[in-house]
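Below is one structure, written out as structure tokens, with a few remarks after it.
All ligand and atom numbering here is 1-based and tracks the order in the structure. Source: prediction; values computed, not measured.
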Amino acid sequence: MLASIITTLFFSLFGLTAAAQPKTNAWALPGNNSFPEGIARQARSPYFYTGSWITGTIWRGNVNKPDVEVFIPGGNEFNITSASGMKVTKDNNLVVAGAATGKVFVICLESQQLLHRFQAPEGALLNDLAVAKNGNIFITDSFLPKLYVITPEHLENESVDQELETFAKLEAPFEHETGQFNSNGIVVTDDQENVLIGDYNSHAIFRLCLGSKTITKVDFGNVAIGSPDGMLMRGNTLYAVNGDSTLDTEAFIDVFDIRKPYTTGKHVRRIKGQGMLLPSTAAFDGNDLLVANFQIGKAATADPTLPFTIVRVSTKKSRTRGSRMPA
Ligand SMILES: *[C@@H]1O[C@H](CO)[C@@H](O)[C@H](O)[C@H]1NC(C)=O
Ligand SMILES: *[C@@H]1O[C@H](CO)[C@@H](O)[C@H](O)[C@H]1NC(C)=O
Ligand SMILES: *[C@@H]1O[C@H](CO)[C@@H](O)[C@H](O)[C@H]1NC(C)=O
């Protein structure tokens, strides 16, 4: 009893009993052809960004408010006609992969100006990217067996338009299948010595050592994992958004414990529900994930569930929430 009174007093004194501002849990995107694929959170700000795979529109959302604004309209002066994976760098530049356009756009968030535009070889489908602590940006290609890099030197170069540099060829044991979606999500490991690349088509994750460029298939024992689309890593925890709508009727994110040297991992659990709808990728917002409900496959059938949404997904175990769909 006394403990409880003291606890109450403590929390009252610090204003902690007053319910914290309820979190915004879902954001509706305007448009019936939006298909948001990538998402990036800007540090030290309330903002996140997402973009349309179909039109190239880039939106800016605020983690505290449900409204989302057009940041760069589709068919814009930068010629972003399709947007896939994206990240915000330490310098507050938004880096956007341009899917089948084979372009990567680097946009200054403050001035909204295009700083650079990189072009991959013909036949590329640039899917996702990850930023290392030293400023290198690694970009995956779902169609060509290559991993690309944008270095700080590229970003210092005054030329806006540059060719995208190949960092490594993805040869066996990487399981590249021509005509299929291969490399997808990517993360840089904590030690900054490796990248982990999700192979969407093979339901596998590969480690590429940045120093030796050797490739190793990560061994998860006999556990069947989802089809890795967007991936995120914090410490030893790897999150892989399942992008395969045929695998399971309910959307899920695979959670793995994976430690140095990152060649083996343990499948820990699956995060499900919470408003996810055929999602593609995610960004950290504190301990939550902001998940882009891409509605993969629905572009072909032209019957997406409207409105398109971004949803907040808790990474905490077995926490149930109500419907995330905005009214
Ligand atoms: C989407 O919106 C456009 C313009 O408002 C309209 O012409 C079109 O029929 C809509 N398509 C669907 C599938 O609702
Ligand atoms: C705009 O991008 C598209 C798709 O990559 C390309 O085909 C077209 O040539 C570009 N237009 C200009 C003016 O650069
Ligand atoms: C800057 O980029 C241009 C265009 O890709 C290239 O021709 C030039 O060599 C680069 N300059 C330096 C210093 O790397």
Checklist entry - When you measure from atom 5 (O) of ligand 3 to every protein heavy atom, which one gives the shortest distance, and what is it? => result Gln162 CG, 3.7 Å

Next on the checklist: Counting non-hydrogen protein atoms only, what is the nearest one to atom 13 (C) of ligand 2? Give residue, atom name and distance.
Outcome noted: Asn79 ND2, 4.4 Å

Item to check | Pair Lys23 + Asp288: basic N to acidic O under 4.0 Å | outcome: yes

Next on the checklist: Does the protein place a non-hydrogen atom closer than 4.0 angstrom to atom 7 (O) of ligand 3?
Outcome noted: no

Checklist entry - At what distance is the nearest protein heavy atom to atom 3 (C) of ligand 3, and which residue and atom is it? => result Ser159 OG, 3.5 Å

Next on the checklist: Just to confirm my output: which protein heavy-atom neighbour is closest to atom 9 (O) of ligand 3, and how far is it?
Outcome noted: Asn157 ND2, 4.8 Å

Checklist outcome for this item: In ligand 2, the atoms that come under 4.0 Å of a heavy atom of Thr101 are 4 (C), 5 (O)

Checklist entry - Do Phe48 and Trp27 have ring centroids that are under 6.0 Å from one another? => result yes

Checklist entry - Once the angle between the rings of Phe294 and Trp53 is folded into 0 to 90°, is it parallel (under 30°), tilted (30 to 60°) or perpendicular (over 60°)? => result tilted

Checklist entry - Among Phe143, Tyr200, Phe181, which residue meets the side chain to side chain contact (heavy atoms under 4.5 Å, CB included) test with Asn127? => result Phe181

Checklist entry - Between Phe118 and His154, what is the ring plane arrangement, given parallel below 30°, perpendicular above 60°, and tilted in between? => result perpendicular

Item to check | Protein non-hydrogen atom found under 4.0 Å from atom 11 (N) of ligand 2 | outcome: yes

Checklist entry - With under 30° as parallel and over 60° as perpendicular, where do the rings of Phe167 and Phe138 fit, or are they tilted in between? => result perpendicular

Checklist entry - Which ligand 2 atoms are under 4.0 Å away from a heavy-atom of Lys103? => result 2 (O), 5 (O)

